[in-house]
Asks: 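Okay, handing you the structure first.
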There are 4 protein chains.
Amino acid sequence: MPKERVRLGMVGGGEGAFIGAVHRIAARIDDACTLVCGALSADPARARASGAALGLDPARCYDSYAAMFAAEWARPDGMEAVVIVTPNHLHHPVAAAALDAGFHVICDKPLANSIAEADDLASRATAARRIFAVTYNYSGYAMVRQARAMVASGALGALRVVQVEYPQGWLAGPLEATGQKQADWRTDPARSGPGGAIGDIGSHAFHLACFVTGAMPEAVLSDLATFVRGRRVDDNAHVLLRFADGARGMLWASQVAHGHDNALKLRVYGEAGSLEWAQEEPDRLWVTQAGEARRLIVRGGTGILPEAARVTRIPSGHPEGYLEGFATLYAEIARAIVAARDGRPIPEDVMFPTVADGAIGVRFIAACVRSTSEGCSWVRL
Amino acid sequence: MPKERVRLGMVGGGEGAFIGAVHRIAARIDDACTLVCGALSADPARARASGAALGLDPARCYDSYAAMFAAEWARPDGMEAVVIVTPNHLHHPVAAAALDAGFHVICDKPLANSIAEADDLASRATAARRIFAVTYNYSGYAMVRQARAMVASGALGALRVVQVEYPQGWLAGPLEATGQKQADWRTDPARSGPGGAIGDIGSHAFHLACFVTGAMPEAVLSDLATFVRGRRVDDNAHVLLRFADGARGMLWASQVAHGHDNALKLRVYGEAGSLEWAQEEPDRLWVTQAGEARRLIVRGGTGILPEAARVTRIPSGHPEGYLEGFATLYAEIARAIVAARDGRPIPEDVMFPTVADGAIGVRFIAACVRSTSEGCSWVRL
Amino acid sequence: MPKERVRLGMVGGGEGAFIGAVHRIAARIDDACTLVCGALSADPARARASGAALGLDPARCYDSYAAMFAAEWARPDGMEAVVIVTPNHLHHPVAAAALDAGFHVICDKPLANSIAEADDLASRATAARRIFAVTYNYSGYAMVRQARAMVASGALGALRVVQVEYPQGWLAGPLEATGQKQADWRTDPARSGPGGAIGDIGSHAFHLACFVTGAMPEAVLSDLATFVRGRRVDDNAHVLLRFADGARGMLWASQVAHGHDNALKLRVYGEAGSLEWAQEEPDRLWVTQAGEARRLIVRGGTGILPEAARVTRIPSGHPEGYLEGFATLYAEIARAIVAARDGRPIPEDVMFPTVADGAIGVRFIAACVRSTSEGCSWVRL
Amino acid sequence: MPKERVRLGMVGGGEGAFIGAVHRIAARIDDACTLVCGALSADPARARASGAALGLDPARCYDSYAAMFAAEWARPDGMEAVVIVTPNHLHHPVAAAALDAGFHVICDKPLANSIAEADDLASRATAARRIFAVTYNYSGYAMVRQARAMVASGALGALRVVQVEYPQGWLAGPLEATGQKQADWRTDPARSGPGGAIGDIGSHAFHLACFVTGAMPEAVLSDLATFVRGRRVDDNAHVLLRFADGARGMLWASQVAHGHDNALKLRVYGEAGSLEWAQEEPDRLWVTQAGEARRLIVRGGTGILPEAARVTRIPSGHPEGYLEGFATLYAEIARAIVAARDGRPIPEDVMFPTVADGAIGVRFIAACVRSTSEGCSWVRL
């Protein structure tokens, strides 16, 4: 049986964008997907130029996502799934249209700018019986999988404390005032949604904490702040978390933290042990069991569980990075799509964030915004 | 003029105690103090045996602090200052008696178990015109002095975010149930005061944050928790901080964090830069100025300010540790006492935490306890 | 002008191999190359199965490299360059045949098992006017490019000391006795060549030192050792280096160093400064200028030079790893091949190790073997 | 029985000196010694002023060591041991005179400037039956003791590879030309002896490697170099080591390595495991057992052996530093002297470097100088 790659189309991600290129590399790394078409920009000329630079067939570089969905559906070799890498406010309309047109969806996070939009997408995905992935990409790192598997195995005992943080420094000044494209839309609530730091990176931190612990906070208490004068969204978020059974957490997301790039870090403490993982050193996981010395477990090395080994490409000591973690999601999504294509059930070990996870993330952002507006009240999720 | 060391007497710190030995080494390191007497234990036999082991004159090993104060006051070579290293609940009676008897006081933290006690000591110290130091010892580290001086110089610009944490793991299990002496009294509210982790180590973290930033939170919101069944005080503290002018902070103190020993860490972010310091690597300070690469400034190295250079003993790369940081407080306190002895004003650059700082720490603990009891309200300091 | 990827064929790299898969991912990441055919195994069934697993056209899965060269040359869409990922002893015959057949060559390192073979390949490449790359892949890391550019700019002043090391622990026991495929051929001098650790990883360390410093040792003195009983090649190499103008170096390569995976590390000291880079944290470069604090320069961050920026895919703090560094070589080689295809000169900024670098590496290995055999004499390169 | 501290006199260490103050603090920390007299400078006025600043009895501040030895011997409370902290060339005459006068000796390293001098001191110490300690102070660190005990226990299996280095950057420029006191004498062969970096810090690295492994190299091969124009001693030393039973080592000592302060680091690899220790993070020891993940063992923490626990003052996570490591030597030496005073044998567990270790260090320096002068030959120790 010949290998048949999953055929992808992309909305957004034209020249000058950031995350679109990341998705394309990630989709290529494990050779399970192929980009066949795109509506890469709302500007037709830019859409075409971007497609040409990528080597796309000019006939499959569309001026609009609507046109792409229509034309591709009609082709026998048409795209199977759409990758949505637009600013946040377009996630809902594009994804809804894609589902309606019968495509699987791979959407960047946050899923949508309101709970209503998010719930709507979840409903549509269920109704359409389509696969809907949300690219909380940090869950693709092998050592994040290892951490999750260790917690699930009971190695840490009952969950007690979760400390997660995601500091960045790139918005410490009014970068949006310079017209920098990324800063511009990410600080514009009409496009980025109600959350600034809490939405852009806090949602990543929240997902990571939930993914690894397998637990969901019941309530959050948030102190969002805006430090850069004139900025319209928060740029620093302090959040307290309360989990079922008494576990507690702290979440810090900041875009004004000089000296940090993407310093996402998770620490989980249970009754019987703890673990610590930092995104900027993704191949390493610190593990402490009660009464033992700290151990450093590395991707590909001693003590690796099957859940992590399965998503490892190269031996220990040769670092895998952000693109490989992201690629793992694409490889997993592709396995699901191929199963769907073949009429098989999705393999049980396939793991990627779905529209349900995306909807939870949107609820988290909304709850944080509300908590601060209420003077830092506890808001149930 | 011959060198005349400051004569110290100690209350508490007999055999089996921990912090008393630390104070004695710290007092010796810079050779500015000498221990001349002690009421080292409430048990007379143990008091004498402890004194003998230290080489104290048996005649100056007292059965009670009251006896010591009386006898030493009568000697021409009597002690000048008392070092109080008892469990917390004895700080107030011993210190009050010492002030009344005319001695300077060096008291461990937290200063007292209630705001009323703390305020009483502050009043007595003022009235008695005695020096009263509280050993928030982390403020003695050279790189903490460097950090404070850099913030004060404006290097970081307006303060924005303060992240401070002090995780430990030693009380992750019910150690007090084994009768271990340190665990026993530190988890007994009658002796340790109302705070567990928040009092024992949270107060250190709070002082460090205030000392370095030169700022005082206006309000705190706290989620204190107790994870070990049956424990009578908190063993994990999550605190949000609000400073004047909008700066925000997070403080985490935990005694149930497997994998940590004394992982006190402070990060300060301002409009123009940031710094990061960790107690377990005390000779290092990470500094980032906006738009520049991260720099690692080391004790004794390039970029050190006079405030740090002044309290440095050996060249860079030969680590100074906890005892040296503690010793700096003793050297500073001794300078103050010698000045008082000589009728001179205390030199302007002398820097050590005083009874006022101690009282603020007690207020902080009380505010955190109250906030949690009120469902995590904001409590003004 | 449509984008036209460079068409690659691969010799070796069938199922069970390690480095072949690495080359394939690396070639895909920047989408400048496409694998069109292979002689993936000497075993025809395995060759076909391996090709199928990769999605290759069955008609282009060959039983031998000779067959592949002949058939592909005849196709208008035939391969342009061969990727050689066989055990070392086959590098020479395959590469020689490829050059004779008119193909460009991308060959793993070490280039060959003798100086004569290496020189022969260099001569043939020149005569055939073909591009010949040798995948000293660590030279593709962005921060290695940064280091090289900083040295070239004079930031470190005159070169003084070079410390380079590459410890691994995977061969600390007699792994070859278990039949493990990688251990088997790498410890067999008939296939791996005369060097064990010195050839497999010492040659990488040597190339890295030369690449970054822009300097070539004039002489080496080597103490090669074999610690695992019965092993036929060295597994630990201690080498002293002497450069022109008096600079000195030390090189350590080991396969018996428990606790290390691929801990390649380079430190360069000049009259005016120093730098330090470690392969397991490849996005970071420590830089010290005389009289200044240590700085940590990161890929994509402040202080990055054009030579490093040019080979950077994603922002700082999102780690790029081993595969991206390797991919940079493929992207560079592809630029050269496309230029050759178009009859243009190779762009001046294209940078990848060539057959000349490969031949130097073979000389280095031979010199180390000879030095040890002579009782640790200085051997000129 | 009252505690009676060991009475020390000091030769050298007056105002402006560095190591004298270190010895005095180290001697104080554990309260086992007391400084009672000094010949602190060859300049009588400076000697007196230095003594006054230390609070010494003016009558016991001597103009010469000869005068001190005579006067102190005559006192019933006279000094018991002399601490020699002069430039190296004075070690021999002072120590010889001290032994002749009947005193124990505590001498800084290197022991002497020639093998003949070193052997002479060893002979005299034996004949005089006096304790003679040489302050290779790094052997006092608790985790160095731990490392030694682990090797001795067989945890690493048969010794294979030793990598030790001691880079500094402070002499990267011609500091001696400015008259800086430390640089001045340490680069003057008449005072520092034939070795520059190899003597000043290479000897420390060598001792550390021998102390931890319990092994002695049989031969060394050295490439000493001088990078700063006009300097009269080496400032960079590359040394290969050969131990009995085939183990090999590398030693690097440098004073021209920008970016390093006192970066002494030891790595030991055996058949069954490895360990790694760095002086700038002295409380930590990395340990790897074959087939296990890397573990980080910390002073005072899990896995600590009695040999390390015995020399630990405070709990894990509160760093002990250079002065505490140095103090351990003084505490050990004091135990030996007290035993000698009491006519008891020296306790078996007392451990400090002796005149024999000092003599080996001098041989090591001489062998390195000779090896380089012979074109990098192997020289037997």
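Worth saying up front: this structure is predicted, and the values here are computed from it rather than measured. Atoms considered below: every heavy atom in the structure, side chains included; atoms not considered: hydrogens, waters and symmetry mates. Quick note on labels: first sequence line is chain A, next is B, and so on, each numbered from 1.
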Asks: State, to 0.1 Å, how close S139(B) and L329(B) come at their nearest heavy-atom pair, and which atoms those are.
Replies: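 Residues S139(B) and L329(B), closest heavy atoms: OG-CD2, 3.9 Å.
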
Asks: Heavy-atom distance under 4.5 Å to chain D: side chain of L54(B), backbone, both or neither?
Replies: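 Contact with chain D is through the backbone of L54(B) alone.
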
Asks: Distance from L56(D) atom CG to S50(D) atom OG, nearest 0.5 Å?
Replies: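 OG of S50(D) is found 9.5 Å from CG of L56(D).
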
Asks: Mind checking whether I304(B) and V298(B) have side chains closer than 4.5 Å, heavy atoms only?
Replies: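 No - every pair of side-chain heavy atoms lies 4.5 Å or more apart.
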
Asks: Kindly state whether the ring of Y330(D) and the ring of H23(D) have centres lying under 6.0 angstrom apart.
Replies: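 Centroid distance Y330(D)-H23(D): below 6.0 Å, so yes.
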
Asks: In plain terms, say whether E15(B) and R46(B) are close enough for a salt bridge, that is, a side-chain N and a carboxylate O under 4.0 Å apart.
Replies: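 Not counted as a salt bridge, because no side-chain N and carboxylate O are separated by less than 4.0 Å.
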
Asks: Can you tell which part of A53(D) gets under 4.5 Å to a heavy atom of chain B, answering side chain, backbone, both or neither?
Replies: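 Contact with chain B involves the backbone of A53(D) alone.
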
Asks: Taking only heavy atoms into account, what residues of residues 313-325 of chain D are found under 4.5 Å from chain B?
Replies: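 Within residues 313-325 of chain D, the residues that come under 4.5 Å of chain B (heavy atoms only) are R313(D), I314(D), P315(D), S316(D), G317(D), H318(D), P319(D), G321(D), Y322(D), L323(D), E324(D).
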
Asks: Which heavy atom of Q146(D) sits nearest a heavy atom of L305(D), and at what distance?
Replies: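 Nearest heavy atoms, Q146(D) then L305(D): OE1-N, 2.8 Å.
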
Asks: In terms of heavy-atom proximity below 4.5 Å to chain B, should Y138(D) be classed as side chain, backbone, both, or neither?
Replies: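 For Y138(D), side-chain heavy atoms alone lie under 4.5 Å from chain B.
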
Asks: Starting from the C-alpha separation in whole Å, work towards a yes-or-no answer on side-chain hydrogen bond (donor to acceptor under 3.5 Å, both in side chains) for D261(B) and W170(B).
Replies: CA-CA 7 Å; D261(B) 293 316; W170(B) 70 295; over 6 Å; no

Asks: Before you tell me yes or no, could you show the steps for R145(B) and E332(B) under salt bridge (charged side-chain N to carboxylate O under 4.0 Å, His left out), namely the whole-Å CA-CA distance, both residues' side-chain angles and the distance that decides it to 0.1 Å?
Replies: CA-CA 13 Å; R145(B) 300 283 171 109; E332(B) 297 281 80; 3.4 Å; yes

Asks: With the threshold set at 4.0 Å, does a side-chain nitrogen-carboxylate oxygen contact exist between R28(D) and D30(B)?
Replies: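 Judged by the 4.0 Å cut-off on N to carboxylate O distance, R28(D) and D30(B) do not form a salt bridge.
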
Asks: How close do V85(B) and G13(B) get, heavy atom to heavy atom, and via which atoms?
Replies: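 Looking at all heavy atoms of both residues, the closest pair is CG2-N, 3.6 Å.
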
Asks: Whether D77(D) and R60(D) form a salt bridge (side-chain N of Lys/Arg under 4.0 Å from carboxylate O of Asp/Glu) is what I want to check.
Replies: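 Answer for the salt bridge query: yes.
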
Asks: Between R294(B) and E276(B), is the closest basic N to carboxylate O distance under 4.0 Å?
Replies: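 A salt bridge is present here (some side-chain N lies under 4.0 Å from a carboxylate O).
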
Asks: Among the options D31(B), V22(B), T302(B), I25(B), pick out the one with the most heavy-atom pairs lying under 4.5 Å from chain D.
Replies: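 Maximum pair count with chain D is reached by D31(B).
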
Asks: Taking only heavy atoms into account, what residues of residues 278-285 of chain D are found under 4.5 Å from chain B?
Replies: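 Listed by number: Q279(D), E280(D), E281(D), P282(D), R284(D).
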
Asks: If I measure from the heavy atoms of chain B, does L296(D) come under 4.5 Å with its side chain, its backbone, both, or neither?
Replies: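 Neither part, no heavy atoms under 4.5 Å.
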
